[in-house]
A.B. asks: 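Structure provided below as structure tokens; questions to follow.
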4 protein chains.
Amino acid sequence: MSGGSNEREGKSDKPDKQRAILDAAFSLFGSKGFYETRIAEVAELAGIAKGTVYLYFRNKEELFLAVSRRDCEQFMTQLAARLKREETPAGKLAAIAEHHLLYYYERKQHTKLFFRAPTNHPELMAFMQQFMEAYTNLVQQVLLDADAAEAQLLSQAYIGMLDRLKMDILFDPAFTEADARHRIAFAADLFLRGAESGKYKH
Amino acid sequence: MSGGSNEREGKSDKPDKQRAILDAAFSLFGSKGFYETRIAEVAELAGIAKGTVYLYFRNKEELFLAVSRRDCEQFMTQLAARLKREETPAGKLAAIAEHHLLYYYERKQHTKLFFRAPTNHPELMAFMQQFMEAYTNLVQQVLLDADAAEAQLLSQAYIGMLDRLKMDILFDPAFTEADARHRIAFAADLFLRGAESGKYKH
Amino acid sequence: MSGGSNEREGKSDKPDKQRAILDAAFSLFGSKGFYETRIAEVAELAGIAKGTVYLYFRNKEELFLAVSRRDCEQFMTQLAARLKREETPAGKLAAIAEHHLLYYYERKQHTKLFFRAPTNHPELMAFMQQFMEAYTNLVQQVLLDADAAEAQLLSQAYIGMLDRLKMDILFDPAFTEADARHRIAFAADLFLRGAESGKYKH
Amino acid sequence: MSGGSNEREGKSDKPDKQRAILDAAFSLFGSKGFYETRIAEVAELAGIAKGTVYLYFRNKEELFLAVSRRDCEQFMTQLAARLKREETPAGKLAAIAEHHLLYYYERKQHTKLFFRAPTNHPELMAFMQQFMEAYTNLVQQVLLDADAAEAQLLSQAYIGMLDRLKMDILFDPAFTEADARHRIAFAADLFLRGAESGKYKH
DNA sequence: GATGAATGAGCATTCATTCAT
DNA sequence: CATGAATGAATGCTCATTCAT
């Protein structure tokens, strides 16, 4: 008998429920931030009971951490995959810009995630730093492959640039995908050629 | 000397106390964020009673707003003053980088301020947006004076770059003023000439 | 006996707990008034935790409203039932007097209830007025059945009379049921025949 | 020199200020009740500083007591004076009704006074009881002068009747003086002749 | 006397977390 | 495993009262 679909509703609900909680938490933490999100709301949105959340996550901080982790990992995994399709450093940098902007554009609704996290939770702080480092390192590697000096600072600068250019997605409801794509091209070009390049002279 | 009724502590302590509260709140909000800061702590650090805080600020949100406002205004005022001393666009851009990095460097302890603010409070959200706009506009003006196209995006990109380059100040306790100055020069140069300029080639 | 899943404490404790809270609140609101009663006291007297009160009632005002509502409804229901046992208008009026005085006599301890309620809460004010109207209407109907003119004013006057005659129950600890019964007869007679009737002439 | 009006603004401001506080407190306690009235509001309405209230009254309860005392005394004094103008018991009873209703009618705005007082303050409770006794005694005396039996109960009943008939003044904004006068006549007649008198038969 | 800034005890309410069912 | 009723620590805010000026 293949599958065994009648043995208590599939092999196990655990992953399903865990995922439902993470999805709900992502949506709520993302749109309202850590402190304004109630565990009860997460449970309701996930379609389970409040207590059940605690079967999967030790506490609110851990849940936030798990949500962040999953999101960051996804961000990084997708980016890594995207980068494999590019060969030139310039192509890779453009791909990074594209990924950074579009990833958030697709998540318009809930992108406050990286903003409001509890400052006390050391594990969480450590994770956020790790993620930033991993992202920075990835960009840095692209630059190192192109034999750039100051690769780390360049990497930080590029990410910062992208992050600010992304900001309007949050605040401007009229922001379109075309706007996003314009900014992608802009960022990649500015980073490589600088503001003094002919492009920005009238 | 006859009279001297305002010799001892100035005519009124009101500004003094208001300032003490703002200072305390700046320090705590800045280091622990809005939600992790207790009004009682602010009062204690300010050396006054809990209730006194409410003589000067309607509630916790208003206090946070006032703190943010004072800090942002100071940032902008000092920056505007600094810019007057520069004549060339390049000089001004360098001054902006210097101001951005050193302003936060001098406030190492409490610069999480712009991070965790309550998402609810509309007045506060509006203010934060206004500040970002004002800062962006100021940089934009420098670029427009230099006849740059896409001045707004350039401005956002530059600020984003600076903001990320500033980040390590927060997390790296060993960050020195020399590090800051190095990043200042780096940012200004990268922004103008781009990563492809000879400088970053090995 | 097999099954018996609802043997121990009934199917659900919810009504029990709700009732326990209402009882505790009735006792405390009744004896100390709205403002002097602490939610913590209500919880303690009900044998539950503070927070539990809020699972059953949105806030202190709602709890007070619920207490008042239950008491008034009980008063009215019992009165209506009592009136059915009487046939003549005079019998009904006597029954009203009896009910009014004895109802409060049995609740000696906590009958300040109708006195101090928050003037703010509009819903509460509206309810109190409604109750007075319902009570007045009921008495009025008895009078209308007896073809009385000015039934509404008569009704108000009668209720007022009873209410004041009840007052000593609150303040005089030595007040006996016999005292109550004397006043009942007195009120009914006075209302019908007036002070000039031979009864009150020496 | 008569008067001496330039010696520091009259002989003394004390009575003036005391009266201003009492007036303000009467108005506020009367319209909002004890608990909803803030000392700061009283001071503001009286045109003085908060602290000054405490130069004249030990605390909030004492102020409430003083306000009640002044009002009750005025009520009793005026009533006593009014009664002197009447000779017959019937005339006196009518005068009592008139005084009770019109006194409150003239104070439409603030007649919640006797309602919400703090239950704890023993002195205040004692005073309220004393006032009720004094009022009852006065009415009782009128009845005793007419050789009535059960004068005390009659007195309580009459007062209760008047008090309820007065109630609509509070709740019905359209209540006119004519309404008041109608009720006055009604109350006096009902009390003397009873509901069974021909008057209330259709 | 008069002021009003300062105080701090006091309380309603919230919500993460637990645990008996 | 799942539930959700119950818990109670934690905190923002109010306001009567005091007292230095």
Side-chain angles (χ1 to χ4, degrees), chain A residues 8-9 12-14 17 35-44 47-63, chain B residues 5 8-9 11-14 16-18 35-44 46-61 63, chain C residues 5 8-9 12-14 16-18 35-44 46-63, chain D residues 8-9 12-14 17 35-44 47-63:
Chain A
R8 299 200 194 160
E9 301 195 27
S12 161
D13 295 346
K14 227 177 178 175
K17 225 157 248 181
Y35 293 98
E36 297 296 336
T37 296
R38 312 290 156 227
I39 288 289
E41 292 174 319
V42 173
E44 194 188 20
I48 57 166
K50 224 187 324 176
T52 307
V53 174
Y54 289 87
L55 296 178
Y56 294 87
F57 303 96
R58 188 180 301 280
N59 54 40
K60 197 183 177 185
E61 279 81 9
E62 292 289 329
L63 176 57
Chain B
S5 74
R8 296 188 188 219
E9 297 208 21
K11 279 174 207 157
S12 158
D13 297 346
K14 226 175 178 176
D16 285 353
K17 214 152 267 184
Q18 171 137 215
Y35 293 98
E36 297 295 335
T37 297
R38 314 287 153 228
I39 288 290
E41 292 173 322
V42 173
E44 195 186 17
I48 58 169
K50 226 185 326 172
T52 306
V53 173
Y54 290 89
L55 294 181
Y56 294 87
F57 303 95
R58 191 180 300 281
N59 54 40
K60 198 181 174 187
E61 279 83 11
L63 175 57
Chain C
S5 76
R8 295 185 190 220
E9 297 206 20
S12 157
D13 297 345
K14 224 175 180 176
D16 285 353
K17 214 151 267 182
Q18 170 138 217
Y35 292 99
E36 296 295 335
T37 297
R38 314 286 151 231
I39 288 290
E41 292 172 323
V42 173
E44 195 186 18
I48 57 171
K50 228 184 323 172
T52 307
V53 173
Y54 290 88
L55 293 180
Y56 293 86
F57 303 95
R58 192 179 299 282
N59 54 40
K60 197 182 175 186
E61 279 82 10
E62 291 288 328
L63 176 56
Chain D
R8 299 203 195 156
E9 300 196 28
S12 160
D13 295 344
K14 228 179 176 174
K17 227 156 246 184
Y35 293 98
E36 297 295 335
T37 296
R38 312 288 156 231
I39 289 289
E41 291 174 318
V42 173
E44 194 188 19
I48 57 166
K50 225 186 325 175
T52 308
V53 173
Y54 288 87
L55 296 178
Y56 294 88
F57 303 95
R58 188 180 300 281
N59 54 38
K60 197 183 177 185
E61 279 82 9
E62 292 289 330
L63 175 57

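Keep in mind it's a predicted model, so treat the numbers as computed, not measured. By convention in this document, chain letters (A, B, ...) are assigned in the order of the sequence lines, proteins followed by strands, and residues within each chain are numbered from 1.
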A.B. asks: F:dA20 pairs with which nucleotide, Watson-Crick or G-U wobble, both distances below 3.5 Å?
C.D. replies: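 Matched F:dA20 with E:dT3 under the 3.5 Å cut-off.
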
A.B. asks: Quick check on F:dA16: is either OP1 or OP2 less than 4.0 Å from any side-chain nitrogen or oxygen of D:Lys60?
C.D. replies: yes

A.B. asks: Which pair of non-hydrogen atoms, one from B:Lys50 and one from B:Ala40, has the smallest distance, and what is that distance?
C.D. replies: CG-CA, 4.0 Å

A.B. asks: Find the distance D:Phe57:CZ to E:dA2:P and express it as a whole number of Å.
C.D. replies: 12 Å

A.B. asks: Take the protein atom OH of C:Tyr54 and the nucleotide atom P of F:dG4, then report the distance between them rounded to whole Å.
C.D. replies: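 It works out to 24 Å between those atoms.
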
A.B. asks: Measure NZ/B:Lys50 against C1'/F:dC15 and give the value in whole Å, please.
C.D. replies: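 It is 13 Å, rounded to the nearest whole Å.
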
A.B. asks: Could you give the OH-to-C1' distance, from A:Tyr35 to F:dG12, as a whole number of Å?
C.D. replies: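 Those two atoms, OH and C1', are 16 Å apart.
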
A.B. asks: Return whichever of B:Gly47 or D:Ile48 has its heavy-atom-nearest nucleotide of DNA chain E closer to the 5' end.
C.D. replies: D:Ile48

A.B. asks: To the nearest 0.5 Å, tell me how far A:Arg38 CZ sits from A:Glu44 CD.
C.D. replies: 13.5 Å

A.B. asks: Just the rounded figure in Å: distance from C1' of F:dT18 to CZ of D:Arg58.
C.D. replies: 14 Å

A.B. asks: Measure the spacing between CD1 of A:Ile48 and OH of A:Tyr56 and express it to the nearest 0.5 Å.
C.D. replies: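 Going from CD1 on A:Ile48 over to OH on A:Tyr56, the span is 7.5 Å.
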
A.B. asks: Round to the nearest Å and state the distance from B:Leu63 atom CG to F:dC13 atom P.
C.D. replies: 10 Å

A.B. asks: Between E:dT7 atom C1' and B:Glu44 atom CD, what is the distance in whole Å?
C.D. replies: 15 Å

A.B. asks: Within this structure, what is the CD-OH distance for the pair D:Glu62 and D:Tyr54, rounded to the nearest 0.5 Å?
C.D. replies: 11.5 Å

A.B. asks: Whole Å only: how far is the CG atom of C:Leu55 from the C1' atom of E:dA16?
C.D. replies: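 My rounded result for the distance is 14 Å.
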
A.B. asks: How would you label the contact of B:Ile39 with the nucleic acid (heavy atoms, under 4.0 Å): base, sugar-phosphate, or nothing?
C.D. replies: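 Sugar-phosphate, no base atom in range.
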
A.B. asks: Between C:Gly51 and B:Ala40, which residue's closest nucleotide on DNA chain F lies nearer the 5′ terminus?
C.D. replies: C:Gly51

A.B. asks: Check the phosphate of F:dG12 against B:Arg38, side-chain N and O only, distance under 4.0 Å to OP1 or OP2. Yes or no?
C.D. replies: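 Checking B:Arg38 against F:dG12: at least one side-chain N or O falls below 4.0 Å of OP1 or OP2.
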
A.B. asks: Is there a side-chain polar atom (N or O) of D:Tyr56 under 4.0 Å from OP1 or OP2 of E:dA2?
C.D. replies: yes

A.B. asks: Once you round to the nearest 0.5 Å, how far does OG1 of D:Thr37 lie from CG of D:Leu63?
C.D. replies: 9.5 Å

A.B. asks: Taking only side-chain nitrogens and oxygens of A:Lys17, does any of them come within less than 4.0 Å of OP1 or OP2 of F:dA2?
C.D. replies: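 Result: yes.
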
